[in-house]
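All remarks here apply to the structure that follows.
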Amino acid sequence: MLARIVFFFVLVFSSAAHAAPPAQLFGKSVIVTWTETRSQRHVGEAEFYNVKASHKLIIYISVKGRTFIRQMNQVNHVGSGKFDQVAGQRSGPEVARTPSFSGQTMTIIAASKGGAQRRIVNFDAGFSSCSNGGGTGFEAGKTRIAYSPITKKKVEMRSVSTSNGSCTVQSGNAFGGEN
């Protein structure tokens, strides 16, 4: 059943025409944080181990409506890593992420072998504040394999528990530089 749900979300959000970001978000950054507790191993390793990872996802919508994404990951006692993307384009071995907008909601799907990660951001009526939720789904009987910007290796996950964290909207480009 979960495999069908993951497949449905991946199919719908990857094949549907993505609505343009709402004009109220032009020139603004959306900053989303959450933590994950995962059972994982590097591909090829024998044993799974538990990690707690912190994530920060910054989505900047330029004054022209172009969307830029930065995700930063940190695992205590291991290190941190990040990747930058223009919406819908891959960043090295990382999967492509494209925010999809519908009404007061932005959804970001990162599909990879064996599953997908989904973040949902809900905005208030004026697009001045937000809340977020999401999680990771797995195909039935499969593990999810994704690239780690921390170790620069592929990681195989067999379970992921996610907290909803925080969400803020701020004026300007959170990456720095011009709008």
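Heads up: numbering here begins at 1 and tracks the sequence.
- In this structure, I145 CD1 and K154 NZ are separated by 7.0 Å, a value rounded to the nearest 0.5 Å.
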- Message: side-chain contact (heavy atoms from CB on, under 4.5 Å), that's the test. Do N173 and F68 meet it? Break it down for me.
- Response: CA-CA 10 Å; N173 182 348; F68 301 89; over 6 Å; no

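- Here CD of Q71 is found 6.5 Å from NE2 of H55. Values are rounded to the nearest 0.5 Å.
- Ring orientation note: the planes of H42 and Y49 are tilted relative to one another, at an angle of 30° to 60°.
- At least one donor-acceptor pair closer than 3.5 Å links the side chain of S29 to the backbone N or O of G172.
- When every heavy atom of A46 is checked against every heavy atom of R41, the shortest pair comes out as O-NH1, 2.9 Å.
- Interatomic distance, NZ of K52 versus OG of S163, reported as 7.5 Å (0.5 Å rounding).
- Linking Ile, Leu, Val, Met, Phe, Trp and Tyr whenever their side-chain heavy atoms come within less than 4.5 Å puts M72 and F175 in one cluster.
- In this structure, the side chains of Y60 and K28 stay at 4.5 Å or more apart for every pair of heavy atoms.
- Side-chain contact between P99 and I69 is present, with heavy atoms from C-beta onward closer than 4.5 Å.
- Under a 3.5 Å cut-off, the side chain of Q117 and the backbone N or O of T136 do not form any donor-acceptor pair.
- Atom CG of residue L25 and atom CZ of residue F123 lie 4.5 Å apart, to the nearest 0.5 angstrom.
- For the pair F48 and E156, the minimum side-chain heavy-atom distance is below 4.5 Å.
- Closest approach of V121 and C130 over heavy atoms only: CG1-CB, 3.7 Å.
- Follow the hydrophobic side-chain contacts under 4.5 Å out from F127 and you reach F26 in the same cluster.
- V169 approaches S128 most closely through the heavy-atom pair CB-O, 3.7 Å.
- Between the side chains of T33 and S166, a donor-acceptor pair is found at a separation under 3.5 Å.
- For the pair S161 (side chain) and T37 (backbone), a donor-acceptor distance under 3.5 Å is absent.
- The two residues T162 and G135 come nearest to each other via the heavy atoms OG1-CA, 3.9 Å.
- Counted by atom type alone, T107 and S100 present zero donor-acceptor pairs between their side chains at under 3.5 Å.
- Taking CD of E45 as the reference point, atom NZ of K153 lies at 6.5 Å (rounded to 0.5 Å).
- Separating the CE atom in M106 from the CZ atom in R119 is a distance of 10.5 Å, to the nearest 0.5 Å.
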